[in-house]
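Atom set for the values below is all heavy atoms of this structure, side chains included, hydrogens, waters and symmetry mates excluded.
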Amino acid sequence: MIDFKCDFRKLISAEELDERVATTRHFVARAQQDDFGGWVDLPTNYDKDEFARIKASATQINSDSDYLVCIGIGGSYLGHRAVIEALGGERGRTKILYAGNSLSARGLEKVIKQIGDADFSVNVISKSGTTTEPAVAFRVFKKLLIDKYGEEGAAKRIYATTDANKGALHDEAVAKDYVTFVVPDNIGGRYSVLTGVGLLAIAAAGIDIDRLMDGAEEERTALISDGGKAAEYAVLRNVMLEKGYDIEVLANFEPNFMYFNEWWKQLFGESEGKENKGIFPASVIYSTDLHSMGQYMQEGRRALFETFVEVASDYTGVPVPSSDENLDGLQYLEGREVDSICKVATQATREAHAAGGVPVMRIIIPEVDERSLGALIYFFEMSCALSAFTLGVNPFNQPGVEAYKTRMFELLGKPGYNK
């Protein structure tokens, strides 16, 4: 389903590329066997009973809530926000709001003011329940729920996605009888968007999660057999790094993909950035960023390569209107679909940057819909694991994330942490 294209001839021979792609095949099995490799077979091996409960809870939320506040940080919110926004936002009554992804008081106040007197529910997503950012936000919104609906009514509006057996949030959910969903033990946060971590918010937004999973399964079937396009992408990323290109810029022409870019950056940055290794992940939204970053991309330091995410299908219905005056000089575009102009701009940008010395790769999805996004999520997850293994690092841990937490706890005087 996902197509991948790259003019690799200046980088590596076709024979060497084939050989290196072949060597990644054992990494697929390695990922499957890893303690955190549950995502590999997830699209076909997910908990069908929980999946049904997710859809039932989404229906309940749609019936009683104008807003669903999703409380989580990192992989606990980026994945589902990426999907919802890429597909154009919510499709029904319930609007999705986000909290607990920072320690900004202004950000919390903004969400509280947006809710106002409307009805709302909360989905708190945390394996432990003690991560500072979401824990602080959960206290704030739990109090608002209790003040508005009472203890019993609030409990019916809290959906906890957490560890199946232990942890502060798990224990509270059991004691208060919250509806619960599982953060799987064998799937890390940045690989968890197709679990209960991401699916409740996506379903509550009115998006078809069956089609999302179908797309992921279709891509899994293609990739598990031989690594395919994901293996080529993973190998060529490492070839770029070997040749001195240590920054990858993910580029697309759809503003709705901004949070998909953010999810991609966490996926690759947290998976590869360790042991003083890794490609630095960055992103742009064209054509907007051509008017800010375009100069650097064209003529700046040649340490970066670009990966374009493109949409194969045509989006019709927005033609350029005619004008008798033609003061803007656009007469030559009159009647032409804006999407077709965008596709020409995409091609022109790729060709200009390549001519300027930027290696360019292309990832092409059939459409901006649930199936394509499910496939794209799985494509990136697999290519990220293969790329990290090729680099010689563990794709599934993140030891460096704890450093800031330890220092913050010291400064805040948390019991057990000495200044």
Side-chain angles (χ1 to χ4, degrees), residues 1-6 39-44 46 51 78-91 96 190-195 197-199 201-203 205-225 227-234 250-268 283-286 306-318 337-340 342-343 346-347 350 361-385:
M1 175 179 281
I2 303 299
D3 196 10
F4 171 74
K5 296 181 179 180
C6 177
W39 59 271
V40 177
D41 294 319
L42 178 69
T44 191
Y46 59 91
F51 196 80
L78 279 174
H80 56 79
R81 188 167 190 176
V83 171
I84 293 167
E85 297 203 6
L87 292 174
E90 304 89 343
R91 299 172 178 176
I96 311 300
R190 56 190 177 274
Y191 293 85
S192 67
V193 59
L194 298 178
T195 73
V197 171
L199 292 178
I202 294 170
I207 292 167
D208 189 336
I209 59 175
D210 287 291
R211 295 188 70 230
L212 190 73
M213 297 299 285
D214 288 345
E217 170 54 17
E218 185 174 338
E219 192 66 18
R220 186 198 74 89
T221 300
L223 298 181
I224 290 295
S225 60
K229 302 293 186 179
E232 287 186 18
Y233 174 50
L250 190 73
N252 61 64
F253 278 72
E254 291 293 338
N256 286 348
F257 271 63
M258 183 183 75
Y259 270 94
F260 200 96
N261 287 359
E262 295 302 309
W263 171 80
W264 174 87
K265 286 192 287 190
Q266 186 206 4
L267 178 66
F268 279 88
S283 65
V284 290
I285 299 288
Y286 293 148
E306 254 181 316
T307 301
F308 283 76
V309 175
E310 302 178 24
V311 183
S313 66
D314 295 324
Y315 189 87
T316 59
V318 189
E337 294 286 341
V338 172
D339 186 65
S340 73
C342 184
K343 283 183 166 53
T346 304
Q347 178 183 348
R350 277 194 281 103
M361 299 191 287
R362 302 170 64 196
I363 294 170
I364 304 167
I365 62 175
E367 180 58 90
V368 181
D369 61 9
E370 290 93 335
R371 290 181 68 91
S372 294
L373 284 181
L376 188 61
I377 287 166
Y378 194 88
F379 175 91
F380 277 133
E381 288 177 346
M382 179 60 76
S383 59
C384 181

Do Val83 and Ile377 come close enough that some side-chain heavy atom pair is under 4.5 Å? yes
Say you draw a straight line from CG of Asn261 to CG of Leu250; how long is it, rounded to the nearest 0.5 Å? 5.0 Å
Non-hydrogen atoms of Trp263 and Gly79 that approach each other most closely: CD1-CA, 3.7 Å
Determine, for Arg211 against Glu367, whether the closest basic-nitrogen to carboxylate-oxygen distance falls under 4.0 angstrom. no
How long is the gap from CG on Leu42 to CE on Met213, to the nearest 0.5 Å? 4.5 Å
Hey, does Leu373 have a side-chain heavy atom less than 4.5 Å from the side chain of Phe257? yes
Which class fits the ring pair Phe308 and Phe253: parallel under 30°, tilted 30 to 60°, perpendicular over 60°? parallel
Compare every heavy atom of Arg91 with every heavy atom of Gly206, then report the nearest pair and how far apart it is. O-CD, 3.6 Å
Min side-chain heavy-atom separation Leu223-Tyr378 under 4.5 Å: yes
Thr44 side chain to Asp41 side chain, donor-acceptor N/O pair below 3.5 angstrom: no
Spatial distance of atom CG (Asp369) from atom CG (Asp208) [nearest 0.5 Å]: 10.0 Å
Identify the heavy atoms of Val197 and Ser192 that sit nearest to each other, and give their distance. CG1-OG, 3.4 Å
Above 12 or not: heavy atoms from other molecules or residues under 6.0 Å from OH of Tyr315? no
Closest contact, heavy atoms only, Ile202 versus Ile209: CG2-CG2, 3.7 Å
How about Phe260 and Ser283: do any of their side-chain heavy atoms sit closer than 4.5 Å? no
With a 4.5 Å cut-off on side-chain heavy atoms, are Phe51 and Asp210 touching? yes
Test salt bridge (Lys or Arg N to Asp or Glu O under 4.0 Å) applied to Glu262 and Arg81, step by step: CA-CA 10 Å; Glu262 295 302 309; Arg81 188 167 190 176; over 6 Å; no
Under a 4.5 Å cut-off applied to non-hydrogen side-chain atoms, are Leu212 and Leu199 in contact? yes
Could you tell me whether the side chain of Glu381 and the main chain of Val40 form a donor-acceptor pair under 3.5 Å? no
With rounding to the nearest 0.5 Å, note down the distance linking CG in Asp314 to NZ in Lys343. 5.0 Å
Main-chain N/O of Phe380 paired to Ser383 side chain as donor or acceptor, under 3.5 Å: yes
Of all heavy-atom pairs linking Ser313 and Asp339, the shortest is O-OD2, 4.0 Å
Chi angles and distances behind the side-chain contact (heavy atoms from CB on, under 4.5 Å) call for Asn252, Ile285: CA-CA 5 Å; Asn252 61 64; Ile285 299 288; 3.3 Å; yes
Run Glu310 and Arg350 through side-chain contact (heavy atoms from CB on, under 4.5 Å) and show every step you take. CA-CA 11 Å; Glu310 302 178 24; Arg350 277 194 281 103; 2.7 Å; yes
To the nearest 0.5 Å, how far apart are CE in Met1 and OG1 in Thr221? 10.5 Å
If only atom types and distance count, is the side chain of Glu219 paired as donor or acceptor with the main-chain N or O of Ile2 below 3.5 Å? yes
Say you draw a straight line from OH of Tyr233 to CZ of Arg362; how long is it, rounded to the nearest 0.5 Å? 14.5 Å
For Ile96, is there any backbone N or O sitting under 3.5 Å from a side-chain donor or acceptor partner on Glu90? yes
Which atoms form the tightest heavy-atom contact between Phe4 and Met361, and what is the distance? CZ-SD, 3.5 Å
